[in-house]
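Okay, structure first, notes after.
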Amino acid sequence: MPVIDVTHLHKRYGDTVAVSDVSLAVEEGQILGVLGRNGAGKTTTVETVAGLRRPDRGTVRVCGLDPRRDRRAVRRLLGVQLQDAALHNALTVRELVRLYRGFYAEGADPDGLIEAVGLGERRGIRFDKLSGGQQQRLSIALALVGRPRVVVLDELTTGLDPEARRRIWDLVENLRADGVTILLVSHLMEEVERLCDRVTLIDRGRVAASGTPAGLIAQARLAQRVRFRTSAPFDPAVLGGLDGIASVEVSGEQVTVTGSGDLLQAVSTALVHGGVVATETRLERATLDDAFLALTGRALTDTAEPKDRR
């Protein structure tokens, strides 16, 4: 039985359908990533898993329990980090983590967890004096202080600087190694490709596709590109007859070959046999961004990523 099991979830706010039909399952010790545009229904889905929203239709189970009916039992098992934290402004980082630790019979060492999320030097700072990124890291610490067996993370590292982001990624990978089950909402492709065992794409309140990151890219049947430069005029006939090549474009010294299969090996071998000296050769594979566009007809994001919040 999946640790997190969502079946035909439907949620409406007035005339707006936030989630139309979402089903997903996360097995023990697995990280499932949820990708979608703003307004696709991601946050409503994870808030329903966390017991913060009541579904209009469908079922949600965490370790076989209903997050709303069995709220007390689920709280002992589930840690939740949402996008916006509303915490007591007058309490310090250490006071907040110690306060939350007191809600559980067993849990993590507050000071060790504060260090793990990179707030050791800020442990005595009040919440309202923390930067946005520091508040984000504190929210992650509070979600983990009870040593939950299931964790929901909504936009885990959005806005964090690269060093802080990698520190949190290491922490999440350690959780998975300990058998913790994680539902991760993110729009950062590097994050999803590094952390997630499986990914569910949500678009307009429905599941558009689900699979491993590599499987979704394969499902989208997207081509690869090999780009290289030549100092002498290039004759595309050098690559004639190669399996998997869809097109060859020459623009001055730049050559772009589009195709499938082991494209880099095939092109490199043909160039050597043709006596072509190529430089700056690189393979460009399709990304999850590309797969999302191909599978839904829309780009994942249409705005730039927020600046680092430190």
What one should report as the nearest heavy-atom pair of Leu35 and Ser186 is CD2-O, 2.7 Å
Please evaluate residues His10 and Val17 with respect to the criterion side chain to side chain contact (heavy atoms under 4.5 Å, CB included), reporting the C-alpha separation (whole Å), side-chain torsions for both, the decisive distance (0.1 Å), and the verdict. CA-CA 8 Å; His10 181 97; Val17 176; 3.8 Å; yes
Exercise. Strictly by modelled atom types, are Asp154 and Thr43 linked by a side-chain donor-acceptor pair under 3.5 Å?
Worked result: yes
dist Leu32:CG -> Thr181:OG1 (nearest 0.5 Å) comes out at 10.5 Å
Rounded to the nearest 0.5 angstrom, the CZ-CD distance for Arg229 and Gln254 is 5.0 Å
The complete set of salt bridge (Lys or Arg N to Asp or Glu O under 4.0 Å) pairs with one or both residues in residues 270-284, sequence neighbours excluded, reads Arg227-Glu284, Arg282-Glu284
- Is a side-chain donor-acceptor pair under 3.5 Å present for Glu191 with Thr157? yes
Exercise. Give a yes or no answer on whether the side chain of Arg94 reaches the backbone of Pro110 with a donor-acceptor pair at less than 3.5 Å.
Key: no
Rounded to the nearest 0.5 Å, the CG atom of Leu144 sits from the CZ atom of Arg101 at a distance of 13.5 Å
Problem - Connected via hydrophobic side-chain network under 4.5 Å: Val93 and Phe103 - result: yes
Practice task
Would you indicate whether Arg194, at its atom CZ, is surrounded by more than 12 heavy atoms from other residues, nucleotides or ligands within a distance under 6.0 Å?
Solution key: yes
Taking the side chain as every heavy atom from C-beta outward, state whether Val180 and Ile182 have any atom pair closer than 4.5 Å. yes
| message | Apply side chain to side chain contact (heavy atoms under 4.5 Å, CB included) to residues Leu119 and Gln134 and explain how you reach the verdict. | response | CA-CA 7 Å; Leu119 291 177; Gln134 290 164 353; 3.9 Å; yes
**Asked** Going only through I, L, V, M, F, W and Y residues with side-chain contacts under 4.5 Å, is there a path from Val46 to Leu77?
**Response** yes
Q.
I'd like to know if the side chain of Asp197 and the backbone of Ile31 have a donor-acceptor N/O pair within less than 3.5 Å.
A. yes
Are any non-hydrogen side-chain atoms of Val62 and Asp5 less than 4.5 angstrom apart?
-> no
Basic-acidic side-chain contact under 4.0 Å: Asp66, Arg68:
no
Of all heavy-atom pairs linking Val22 and Gly205, the shortest is CG2-O, 3.4 Å
- [ ] Check whether any side-chain heavy atom of Val267 lies under 4.5 Å from a side-chain heavy atom of Phe228, and answer yes or no.
- [x] yes
Is the shortest heavy-atom distance from the side chain of Val97 to the side chain of Leu138 under 4.5 Å? yes
- Between Cys196 and Leu184, is a side chain to side chain contact (heavy atoms under 4.5 Å, CB included) present by the stated rule, with each step listed? CA-CA 8 Å; Cys196 296; Leu184 169 67; 3.8 Å; yes
Given Arg198 and Thr212, is the side-chain hydrogen bond (donor to acceptor under 3.5 Å, both in side chains) satisfied, shown in steps? CA-CA 4 Å; Arg198 295 182 60 80; Thr212 64; over 6 Å; no
Heavy atoms of Ala50 and Pro67 approach each other most closely as C-CB, 4.3 Å
Asp56 side chain to Arg12 main-chain N or O, any donor-acceptor pair under 3.5 Å? yes
Tell me, do Leu82 and Leu52 make a side-chain contact under 4.5 Å, heavy atoms counted? yes
Exercise. Could you tell me whether Glu173 atom CD has more than 12 heavy atoms of other residues or ligands within 6.0 Å of it?
Key: yes
Q. His8 and Asp21: side-chain donor and acceptor closer than 3.5 Å?
A. yes
Asp111 bridged to Arg123 by N-O distance under 4.0 Å: yes
Spell out, as yes or no, whether a donor-acceptor pair under 3.5 Å connects the side chain of Asp109 to the backbone of Gly112.
yes
Using atom types as modelled and distance alone, determine if a side-chain donor or acceptor of Lys11 lies under 3.5 Å from a backbone N or O of Val19. no
Side chain proximity check, Val3 to Val26, heavy atoms < 4.5 angstrom: no
On a heavy-atom basis, the closest approach of Gln219 and Ala209 is NE2-CB, 3.9 Å
**Request:** Starting from the C-alpha separation in whole Å, work towards a yes-or-no answer on side-chain hydrogen bond (donor to acceptor under 3.5 Å, both in side chains) for Ser23 and Thr7.
**Result:** CA-CA 4 Å; Ser23 296; Thr7 305; 5.2 Å; no
CZ (Arg137) and CD (Gln81) are apart, to the nearest 0.5 Å, by 12.5 Å
- Using atom types as modelled and distance alone, determine if a side-chain donor or acceptor of Gln135 lies under 3.5 Å from a backbone N or O of Phe127. yes
For Val145 and Tyr104, what are the C-alpha separation, side-chain angles and deciding distance, and is it a side chain to side chain contact (heavy atoms under 4.5 Å, CB included)? CA-CA 9 Å; Val145 72; Tyr104 303 93; 4.1 Å; yes
Inset, instruction - Report yes or no: do Arg126 and Thr92 form a side-chain donor-acceptor pair below 3.5 Å? - result: no
- Query: When hydrophobic residues are tied together by side-chain contacts of less than 4.5 Å, even through go-betweens, does Val277 share a cluster with Val226?
  - Reply: no
Presence of salt bridge, Glu106 and Arg76, under 4.0 angstrom: no
Is there a side-chain contact between Leu283 and Gln224 (heavy atoms, below 4.5 Å)?
yes
Closest heavy-atom pair, Val151 versus Leu78, reported as atoms and distance to 0.1 Å, is N-CD1, 4.3 Å
Value for OG1 (Thr59) from CG (Leu9), rounded to nearest 0.5 Å, stands at 8.5 Å
Is Arg71 atom CZ crowded by more than 12 heavy atoms from other residues, nucleotides or ligands, each under 6.0 Å away?
yes
In short, Gln136 meets Glu155 closest at the heavy-atom pair NE2-O, 2.7 Å
One should read off an interatomic distance between Phe292 CZ and Asp203 CG, to the nearest 0.5 angstrom, of 4.5 Å
Do Leu293 and Ile202 land in one hydrophobic cluster if side-chain heavy atoms of ILVMFWY residues count as linked below 4.5 Å? no
Q.
Counting only heavy atoms from other residues, nucleotides and ligands, does the tally under 6.0 Å from CZ of Arg75 exceed 12?
A. no
Under 4.5 Å between any side-chain heavy atoms of Leu288 and Val192, yes or no?
yes
May I have the list of side-chain donor-acceptor pairs in residues 230-252 shorter than 3.5 Å, sequence neighbours left out?
{"from": "Thr230", "atom 1": "OG1", "to": "Ala232", "atom 2": "O", "distance (Å)": "2.9"}
{"from": "Asp235", "atom 1": "OD1", "to": "Ala237", "atom 2": "N", "distance (Å)": "3.0"}

Per side chain to side chain contact (heavy atoms under 4.5 Å, CB included), Asp290 is matched among Leu222, Leu216, Ile217 by Leu222
Verify whether one side chain among Thr269 and Gln265 offers a donor that lies under 3.5 Å from an acceptor in the other. yes
